Amino acid sequence: MKIGFLAMSGIRAHDKKLLELGLTMPGVLKRSQVVASLPSLGLLYLAAVTSPGHELHYYEASGDGSEPPEVYDCDLVAISTFTAQVREAYAVADRLRGAGVQVAMGGLHVTVRPEEARQHVDHVCLGEGERLWPAVVQAAARGERRCVWNAADFAPVDMQRLPVPRYDLLADRPYNRFMVQTSRGCPWRCDFCASNVMLRQAYRKRPVADVIRDLRAILEVRKRPFIEFADDNTFVDKAWGKGLCRQLIPLRLKWFTETDITVADDEELLRLMQAARCRQVLIGLESPNQSALEGVELKANFKARRSAGARDALRRIQEHGITVNGCFILGLDRHTPDVFEEVLEFALDVPLYDVQITVLTPFPGTPLYDRLLREGRIIEPERWELCTLFDVNYIPQQMTPQELREGLYWLTERLYSDRCVEQRRRAFFETLWRQHDAGLVAEEECAAIS
Ligand code: B12
């Protein structure tokens, strides 16, 4: 069979005013453009576990959700879904099936809403895809349609033996950013988090040697790639993390990852991350004030417990030449309209090199979604296209939806203005060059980061 893997890339947001603001802010635009073009790691894993004898192709839908004409030459097309683009994905699937192409769909959204996906696709795939995909391909080859495939009915995915994602399928595409996973899951359970709704297993790490093997495979496709680790929380296990960094040092690759604030607790780890050329860590701070974080992490109240020392922890990370992208969620239940100024003050005080602000978003499958639905606070349930992290579709507890929107605009204008970006970043560069003057950081390294 000819099998197509169709990624729905790009960034989604519908709030017109915010889009206008974003377009005038180089800080926002630059990051969006960079990430919008990331290839889909999930699909590259599916390609890697496809049995030999099939012809495989990787495709991208355009930012408006339209598919390239080549997908119509396939016998089977695999589509990966996030909530914000799932209606576009269903529309693509309807068109493909109308033309006689079989469609399989998986990913975060259909995992929690399989009954919806059944209306549009031949094979609905729930959970991690590596074990179930070969069975889907076999069934498709026999012409069997209208099936639901659940990872829970297959052996658990073994993180000790993941294959190399088929990066080679991207060889003729202009990607320079590549994704690698070092781990899956997160030990914490934040009530809003949509990342791990489909993972049946606890936090799992991969063997460092396998991660390095995958990075070498990328180097065969691209000379100087930038690496994004597509993890939920990379440095949970500090000893393993140090081992990873030691092995990364000789590769001299620049990389980005998501982790929690406990990286700052371990000086040796920070030094190794710096030596391994970590360029940025993204950390979910969620709120500048501790009281708003009470109860947000459901297992151990982790976010609230770590809030008091957060500013110093963030400074420690940045003092190691690693920029922090601090993420805040606006509109948590205990947020009053004061939160917008508080975030600005926090970001300037640390100061944070990068800041990401999003609005609280009830993604289906999360405890937050169920709670807000029960409380009658979701404005338009199932308007999935609003699950973008930038569009308000719920009633906050201590402000109106409009106050939340206005606050988001107010903060966007300030945080991402040229003056504020410069002010936030200046301290980082000053520290870096001081370290250079003290002989701690090489000139080449400083220049590369600047
Ligand atoms: C990388 C990334 C992106 C990349 C995606 C690149 C791409 N083309 O795939 C970019 C930057 C484009 C992106 C965009 C967006 N993202 Co994003 N992104 C991520 C991130 C950090 C990692 C995803 C990843 O690669 N995981 C690793 C792979 C291996 O897992 P996977 O994709 O889930 O695939 C596995 C299974 O799902 C399954 N599977 C997946 N697809 C299929 C298909 C079939 C047929 C089968 C059988 C199985 C299967 O098998 C795979 C292997 O086990 C996650 C956070 C996270 N840690 O998950 C957020 C995340 C997925 N993003 C999110 C959001 C909200 C967005 C945006 C809406 C933001 C915005 N406003 O634009 C857009 C979506 C727009 C769009 N085009 O879809 C949310 C999604 C929540 C949800 N329920 O939808 C997440 C969870 C972040 C968060 N915490 O809120 N994102």
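Just so you know, ligand 1 is whichever comes first in the structure, and atom 1 is the first atom listed for that ligand. All values reported here derive from a predicted model rather than from experimental measurement.
Remark: A276 pairs with C245, L248, I249, W255 by the side-chain contact (heavy atoms from CB on, under 4.5 Å) rule, at least two apart or across chains. Considering only residues two or more places apart in sequence or on other chains, C327 meets the side-chain contact (heavy atoms from CB on, under 4.5 Å) condition with L282, N325, Q356.
Using 4.0 Å as the threshold, L132 has a heavy atom nearer than that to some atom of ligand 1.
In terms of heavy atoms, L41 sits closest to P165 at CD1-CG, 3.8 Å.
In this model, no donor atom of one side chain and acceptor atom of the other lie less than 3.5 Å apart for E385 and H14. With 3.5 Å as the limit, one finds a donor-acceptor pair spanning the side chains of E294 and N301.
Residue Q181 touches ligand 1 through its side chain alone, judged by heavy-atom distances below 4.0 Å.
Around atom 38 (C) of ligand 1, the closest heavy atom drawn from G127, G365, S80 belongs to G127. Nearest to atom 58 (O) of ligand 1 by heavy-atom distance, out of D232, V121, L38, V49, is D232. For atom 15 (C) of ligand 1, the nearest non-hydrogen atom from the set F363, F82, F229 comes from F82. Looking at G129, A230, C327, it is G129 that brings a heavy atom closest to atom 50 (O) of ligand 1.
Ligand 1 has no nitrogen or oxygen under 3.5 angstrom from a nitrogen or oxygen of E258. At least one N or O atom of R12, backbone or side chain, sits closer than 3.5 Å to an N or O atom of ligand 1.
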